[in-house]
Amino acid sequence: MSIPLKIISVLAWRNLWRNYRRTSIMLLAIVVGVWAMIFMNALMIGMVDGMVKGGIRNLPGHAQIHHPAYRDDPSVVNNMPAPAGDLLKALGSDGVLGWSARVRVPAVISSERDSRGVILLGVDPVREAGVGFDLSDLVDGRFLEAADDTGLVVGAKLLQRLETRLGKRVVVMSQDPHNNVAERGFRIVGVYSAELDSQEETFIYAGRETVQKMLEMGSAISEVAILGQDYRDLSVWYPALEQAAGSGLEVRDWRELDAFLDTMLGVQDGMALVLIVIIFIALSFGLVNTMVMAVFERIREIGLMQALGMRPSSILYQVLVEAFILLVLGLVLGNLLALLTIAPLESGIDISGIADGAEMFGMSTVLYPALRAGDMVMASVIVMVLGLLSSFLPAWRAAHINPVEAINKI
Amino acid sequence: MSSVSCKDLSKTFTQGDEIIVGLDQVSINIEEGSFVCLSGPSGSGKTTLLNAIGGLDKPDGGEITIGEQRVDQMRKAELADMRLHNIGFVFQAYNLIPVLTALENVEFVMQVQGRAVAERRPAAMAILEEVGLKGMQDRLPSQLSGGQQQRVAVARAIVSKPTLVLADEPTANLDTKTSAQLMDLFVELNERRRVTFVIATHDPRIMAYCKRLIKMQDGKIVADDLQQPAIAAAG
Ligand SMILES: Nc1ncnc2c1ncn2[C@@H]1O[C@H](COP(=O)(O)OP(=O)(O)OP(=O)(O)O)[C@@H](O)[C@H]1O
Ligand SMILES: [Mg+2]
């Protein structure tokens, strides 16, 4: 015999609204719980996303190509030829947004007043602007104009440390491949600011050709930094690039270049799950309680229905359907509420006031909550599945009462 | 199908230290098409016997057979199916599902049986009219008097065309005229469709309808008499 679904649903629906107050409170709890799961998750994604993007900006790029020894010893000796042939073609493939061939060597910068250890970047400004340098970070002067530009762009903090100004000359010293000291005078043409003071103090930008000439390295470079579409998915272009680079060069994606960022991303996914489970446990107590009360309250009718010939399994379904309706309503409203509250925040929340220490961890002071369909689905599925599981106990009890005893309960 | 036979049925209840005898070695044979009254003082075991026959409460010992089926050996789901398809119940204490209207309560058993609206709706409306509740089909039980509720319960018990009706004080809340109408309905079903009736009652006016009167006391059958129904079915 089939399950009398129609009457089961009618009974479940009407019984749900019989105790209007209790059902509304439970519904509210589910809505708030689901909303909290999704909202907190969106905040966390925003936070980690900001952190990863910041990290990628500093690397820079989603992937880099180096001489195999460069990452252990980033000296000018461990250089590589500028991209050509197959590699150049791979860099031009669809998924690649931009790439920059850079010279990157340790150096000392001296003003009349002070000198500091820095990292000298020789870049082609047109390419670099899309990858490692954000033109909007420029606070004074101009960025480099060509690969043979003889100007220097430094961080605001460094400028302060060196007690010098825009337009002044400084001397940059490094080593050429033959272990000779190479030095050159530069005029400071631009000043940039960065999220981190340490960044402003570390990186100085000069024209690539100017630096190559100064270090006598011909057309060789230190690295190629590549920026793709989506940092979570490099599969479109990365494998081809790796192949084109061949065995003589080392190609690494951002996860390998910065293990911390990779860990953060993993932690975020784990945290999301932990959060969902914690909120759900709180919810499930309420849900079990509600269903136990709902069953207890109408134990006589349940006994009556069994006495009239409704199978225990149908009684079980009836309680489960009731929980199901409650969960569906709660999930729909909770998801809707999450959509409505997160959407206006996606343009960013300024957390600089409450997060002074945040930038220490490489976090931006603007948080962009991100709503992801996958997370909404995951939260909903978890709540539904666990919700039904926890309603199973009261439903089971309802199905296994003794009808005579139940009918005679007062 | 719906002869009922009980052999050596016993049932005790414990309440604290006290052991209460519900049924004490009860044996009866009720043939198909019988119209039987169970009488006896309060606490004599009438309800306990009806519950045992309907498979609602397992006896401690003895055998119950309805038709060819051993009720005392059936599983829960089988018992439920047997009740659903073969037995019409009127309970003594509590009969209607509060969230369903009178009409829906009458249709309940048919709906669980899986019968289509087109079939069950007219049948339910007709029977409601027969028990004198025309126009009250959309009221909830809480909007009906005790007697009206009782009549809805009776309507539900017979509308699904059971072969056995177990009715526990079906007329307790009814005035003489209404209870006579219900009894006429029972007698008519009994004679026309050979539905077996077992009715527990204190009411001598009800007993007068029965072809067989079983008296109980302290869980035992103390008298079992065939009688000529004093009141014949109307029409
Ligand atoms: N669940 C129970 N627990 C304890 N005792 C019970 C239970 N059910 C019935 N009894 C006892 O069993 C005996 C028979 O009860 P039963 O309900 O069958 O009587 P009855 O003949 O239907 O009485 P009434 O005419 O008042 O309805 C009574 O003494 C009653 O107290
Ligand atoms: Mg009784």
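Just so it is clear, the values below take in all heavy atoms, side chains as well, and ignore hydrogens, waters and symmetry mates. Protein chains get the first letters and strands the later ones, always in sequence-line order, with residue 1 at the start of each.
- Residues forming a side chain to side chain contact (heavy atoms under 4.5 Å, CB included) with A:Q318 (at least two apart in sequence, or on another chain): A:I8, A:L11, A:N15, A:R298, A:M305, A:M310.
- B:F91 and A:A307 make their closest contact through CZ-CB, 3.3 Å (heavy atoms, listed as atom of the first residue, atom of the second, distance).
- With a 6.0 Å radius and a threshold of 12 heavy atoms from other residues, nucleotides or ligands, A:N289 has its CG atom above the threshold.
- Rounding to the nearest 0.5 Å gives a distance of 10.0 Å between CG of B:N95 and CZ of A:R300.
- For A:M264, the CE atom sits in a packed shell: over 12 heavy atoms of surrounding residues, nucleotides or ligands are nearer than 6.0 Å.
- Contact of the B:T47 side chain with the A:V404 side chain is not registered, since no non-hydrogen atoms from C-beta on lie closer than 4.5 Å.
- Scanning both residues, B:A77 and A:P312, for their nearest heavy atoms gives CA-CD, 4.5 Å.
- For A:M384, the CE atom counts as densely surrounded, since its 6.0 Å shell holds more than 12 non-hydrogen atoms of other residues, nucleotides or ligands.
- With a 4.5 Å cut-off on side-chain heavy atoms, A:P4 and B:Q111 do not count as touching.
- A 6.0 Å sphere centred on OH of A:Y231 holds more than 12 heavy atoms belonging to other residues, nucleotides or ligands.
- Summarising the local packing, NZ of B:K76 is surrounded by more than 12 heavy atoms from other residues, nucleotides or ligands at distances under 6.0 Å.
- For B:D57, the parts lying under 4.5 angstrom from a heavy atom of chain A are both the backbone and the side chain.
- For B:V99, the parts lying under 4.5 angstrom from a heavy atom of chain A are both the backbone and the side chain.
- Heavy atoms of other residues, nucleotides or ligands lying less than 6.0 angstrom from NZ of B:K58 number more than 12.
- For B:L79, no part lies near chain A; criterion is any non-hydrogen pair under 4.5 Å.
- Among residues 29-37 of chain A, no residue has any heavy atom closer than 4.5 Å to a heavy atom of chain B.
- Comparing B:P98, B:A157, B:A93, B:S160 by heavy-atom pairs within less than 4.5 Å of chain A, the highest count is held by B:P98.
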Stepwise side-chain contact (heavy atoms from CB on, under 4.5 Å) check, B:R83 with A:L308:
CA-CA 6 Å; B:R83 287 197 293 270; A:L308 292 176; over 6 Å; no

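- More than 12 heavy atoms of other residues, nucleotides or ligands shown are found within 6.0 angstrom of CG on A:L340.
- Contact of the B:F108 side chain with the A:L304 side chain is not registered, since no non-hydrogen atoms from C-beta on lie closer than 4.5 Å.
- Legend: salt bridge (Lys or Arg N to Asp or Glu O under 4.0 Å) pairs involving residues 90-105 of chain B, not counting sequence neighbours, sorted by first then second residue: A:R14-B:E104.
- Heavy-atom neighbours of A:R21 CZ from other residues, nucleotides or ligands within 6.0 Å: at or below the threshold of 12.
- Using a 4.5 Å cut-off between non-hydrogen atoms, the part of residues 396-403 of chain A that approaches chain B consists of A:A399, A:H400, A:I401, A:N402, A:P403.
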